[in-house]
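As a basis for the values below, the full set of heavy atoms in this structure was taken, side chains included, without hydrogen atoms, waters or symmetry mates.
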Amino acid sequence: MDKVYNHQDVEEKIYEQWEKAGTFQPEINPQGKPYTIILPPPNANGDLHFGHAMFVVEDILIRYHRMLGDSALWLPGTDHAGTETQFVFEKKLQEQGKSRFDFTREDLYHKIWDYVQENRGGIEKQLRRLGFSLDWSRQKFTLDADIVSLVKQSFKKMYEDGLIYRDYRLVNYCTRDGTSFSDLETISEEKEGILYHIKYPIKEGGFITVATTRPETMFGDVAVMVHPEDARYKQLIGKTVVLPLTNREIPIIADETVDKEFGTGAVKVTPSHDFTDYEVGRKHELTFPPVIGWSGKFEKTGVVDGFYVKQARQKTLELLKEQNLLEKEEPHKMVVKICYKCKTVLEPLPLEQWYIKVKPLVAKALESIEKQEIEIFPKNFAQTLNFWYNNLKDWNISRQNVWGIQIPVWYEVTDENLFAVSFIDKQGNLKQGILADLLKEGSEWEEILAGLQRVIARMEAKVVFEDNKIEDKKYLPETDTFDTWFSSGQWPYVTLKTTKAGDFEKFYPTSVMETGRDILFFWVSRMIMLGMYLTNGQVPFKNVVLHGLVNDPLGKKMSKSKGNVVNPLEVADQYGADALRFALVYGNALGNDQAMSYPKLEAMRKFTNKLWNMARFIEFQARNLYPQIDLNQIERKVVEVNNLHANDQEWLKKLDVLSQEISNYIDAYQFNLAAEHLYDFIWHEFADKYIEDVKTRNDEDSFGALCQMFEVQLKLLHPFMPFVTEEIYQKMPGHQGLLITARWPGVRE
RNA sequence: GGAUUUGUAGCUCAGCUGGUUAGAGCGUUCGAUUCACAUUCGAAAGGUCAGAGGUUCGAAUCCUCUCAAGUCCACCA
């Protein structure tokens, strides 16, 4: 053995050895109890980052349970990550001076597909690099045909059960990315804005002054609203306002949502472009005239048509000033929602979208947490999740993306329905118009379908599900795709249903869902709701285990824009995957964020070296004891307790205690404590004291005891530091088989 | 505005189902060794556990409040 442990020579070789021996597959322990973890699928197009490196926690659990003799399955997969990936791809297009509007829908989809395929192997290689014992024979991708088919079936089932509906309502729309977003996908940003006080003339005489931050949307006003108890305005309720610039007449209405203290106490109501106003509009049965289009440009105002929001605001204010209707401008702190990808200010726009009724699903989910069918670690996150569930609104699952699973719905085209369609024809020209007219003009139906960018329709959709079989021209397919989380929200279900026969029956419900605490809402909450729905109330996993974020050495969040991202693979190359793994769990309680630390990594690297040298000492002892025999041929004397040195008997007891402790810690997801105790015992108890002591004696019994005790420690440490322990184990005189499949201390074969 | 997390040695963090002298890594000081250890071993210094109050025989650990930092959620136009 070399004087120093060299992880570069070991890690790749060992991983191959494990994989060749089929040890990652649950079938290695055919008789064992099922123990299942589904890997949170990383973006197929992405790179491994520290968030993924924290999956080491899952590997610890899987390796531990494999050693316990369980049929342990850790199922890998990747996610298509709809908006994310399309965003990245469009950026690439932009660099080439193109945009997605230069391609038909289908072309774009295939281009992204190819792009993802090119990069897809990367993440898998990287997961292997960290020693993750994933069962690659069961790997899945969210756009695998069988997965897609199941996801569509789920949608259909939910539709038929009345859990899904289509509705015309305001969505968070990014005019730049050309898609809507769920509430979760928006970022609220505080901004210095201006509150404008605008005088609206009253038909019966006088003025009422409204306060607004968005004067330009006044073209979409349908009412002015005051508080019913407001003495200033009480007598005005029911009167009519003549909207400036357009002279449209709108009523003054009363509603309690108005805060008398804020602004002037009078509010303009613009139901198509403001969420609160939309609610008011519904309640008071007002109309919803949209004045901003999908591109973010104004339309149907007769005044600022074709202008973007900023210009429209300027122009509107100018015109109001000319008429002396702008009473006052005051600075005002406001919160705007921006796109989490491109940071554009989101526009609330009315759109026909598919929604999931969350109430019934939430009720089941809450019950499962209440009854502890699902337990969350650390525990306090259960409260957070409860709170979130209780305030959850219906879930918009429509995305106007190409990269994703198309919503499997066809609409019947009837004469009453007018479709505004835009598409690229064979000559590459952009065509827009009413569908029926375009067909009359001789456009090819296939062309329209392929190039369909968006169907804007207000209609009672007659929904048809005949998947892919509809060729009749009277049906028009939905062009929207599912929110990525709608498919990944079914992940434990759809993966196990499509891997190997019997997998679902054996491995569902899964044992643990371990993931970053930042996607508790996005993902975990949805998996609980959808998973329970799809399996008649069976929870998708029994325990949820959440890890925190890994920040840079200064404790700042790693981000590309800050340029402080550290690549975990480079760390693994430098310190060894084992040291990296150990550093991530050592000294950090589960669920807490941590700052990555180079001194800690260095300390853990030294620990691997310490282990190596403990093994060298054993080799050294063996050479002295059995000078004639090849190390591999040594038959170790099986330890008879009675023959042992009194001292050794005590050490054996200590090891029993340690084994029990480590098991308990892992069972309780207290990985940091397990790691700390192992580190401390192995180094500062066993190496510093026992080995120092045993140096003075060298007989067969002592040697046997030494080997046996060291092996116990290798086993206990293996889930945390799999490579170095495996390598050493195989060098131990008289060892048997692989450490990865050895039995955990105290467990019988 | 609500929720939530964190505040412990110079630095990074454990410990917090309450119980003997509060721990680790790195750093610092002193000594030993090169005998398995590109080192390692032994020893030491360093903390009124953010602050105040309370519960208790006993609190870093439970409760209340205050201060500070962070995160998430929220329709104040």
Side-chain angles (χ1 to χ4, degrees), chain A residues 1-6 170 183-184 186-188 193 195-198 210-215 217 224-225 257-270 273-280 332-335 337 348 378-381 383-388 390-393 517-518 520-521 548-549 551 553-557 582-583 585-623 668 670-673 675-677 679-680 683-684 687-689 691-692 694-695:
Chain A
M1 287 172 80
D2 292 341
K3 207 169 178 190
V4 178
Y5 173 60
N6 199 342
L170 295 195
D183 291 338
L184 267 182
T186 65
I187 301 170
S188 297
L195 190 63
Y196 300 94
H197 292 233
I198 303 170
V210 300
T212 180
T213 54
R214 297 206 63 183
T217 62
V224 169
M225 174 167 70
T257 55
V258 179
D259 179 355
K260 287 186 282 189
E261 308 305 318
F262 186 86
T264 60
V267 190
K268 68 198 224 17
V269 181
T270 321
H273 299 294
D274 181 279
F275 286 100
T276 315
D277 293 1
Y278 178 84
E279 295 303 323
V280 171
H332 172 62
K333 263 195 193 143
M334 54 192 260
V335 176
K337 282 186 177 178
K379 287 202 169 73
N380 54 293
F381 282 102
Q383 198 189 334
T384 319
L385 186 58
N386 265 324
F387 184 81
W388 188 79
N390 281 314
N391 291 289
L392 190 59
K393 290 187 212 151
R517 58 131 231 260
D518 50 327
L520 177 64
F521 300 145
L549 302 168
N551 294 321
L554 299 173
K556 298 264 181 271
K557 196 170 172 175
F582 212 70
V585 292
Y586 185 98
N588 182 259
L590 188 76
N592 286 351
D593 293 353
Q594 63 176 312
M596 65 154 297
S597 150
Y598 288 106
K600 194 154 112 182
L601 285 162
E602 181 57 24
M604 296 313 156
R605 208 216 85 236
K606 281 187 181 165
F607 184 44
T608 58
N609 193 51
K610 184 73 185 179
L611 290 164
W612 185 255
N613 276 290
M614 289 166 78
R616 278 188 75 207
F617 172 73
I618 289 173
E619 184 191 38
F620 178 81
Q621 292 282 75
R623 283 267 148 73
Q670 294 177 310
F671 306 103
N672 59 320
L673 295 179
E676 285 156 32
H677 279 238
Y679 179 96
D680 190 59
W683 196 321
H684 299 300
D688 288 354
K689 296 185 182 140
I691 290 187
E692 289 305 318
V694 87
K695 273 179 182 173

N6(A) atom CG is separated from rA38(B) atom C1', nearest whole Å, by 12 Å

Please report the distance separating the P of rG53(B) from the corresponding atom of rU61(B), rounded so that it comes out in whole Å. 14 Å

### Query
Which value, in whole Å, describes the distance between the C1' atoms of nucleotides rG7(B) and rA43(B)?
32 Å

hbond_proxy K268(A) side chain to rA77(B) base (donor-acceptor, 3.5 Å cutoff): no

Taken in chain and number order and not counting sequence neighbours, the residues that satisfy salt bridge (charged side-chain N to carboxylate O under 4.0 Å, His left out) with K695(A) are E692(A)

Please give the distance between the C1' atoms of rA52(B) and rG10(B) as a whole number of Å. 27 Å

If you measure from the C1' atom in rG51(B) to the same atom in rA69(B), how many Å do you get, rounded?
15 Å

When rounded to whole Å, the CD to P distance for the pair E676(A) and rG23(B) reads 14 Å

| said: With a 3.5 Å cut-off and heavy atoms only, can you find an N or O donor on one side and an acceptor on the other between the side chain of K600(A) and the base of rC26(B)? | reply: no

rA36(B) base / E692(A) side chain donor-acceptor hit below 3.5 Å | yes

Closest heavy-atom pair, G263(A) versus A211(A), reported as atoms and distance to 0.1 Å, is CA-CB, 3.9 Å

- Query: Has H684(A) got a side-chain N or O lying under 4.0 Å from the OP1 or OP2 atom of rG25(B)?
  - Reply: yes

- Message: Between rA45(B) and rG54(B), how many Å separate the two C1' atoms, rounded to a whole number?
- Response: 36 Å

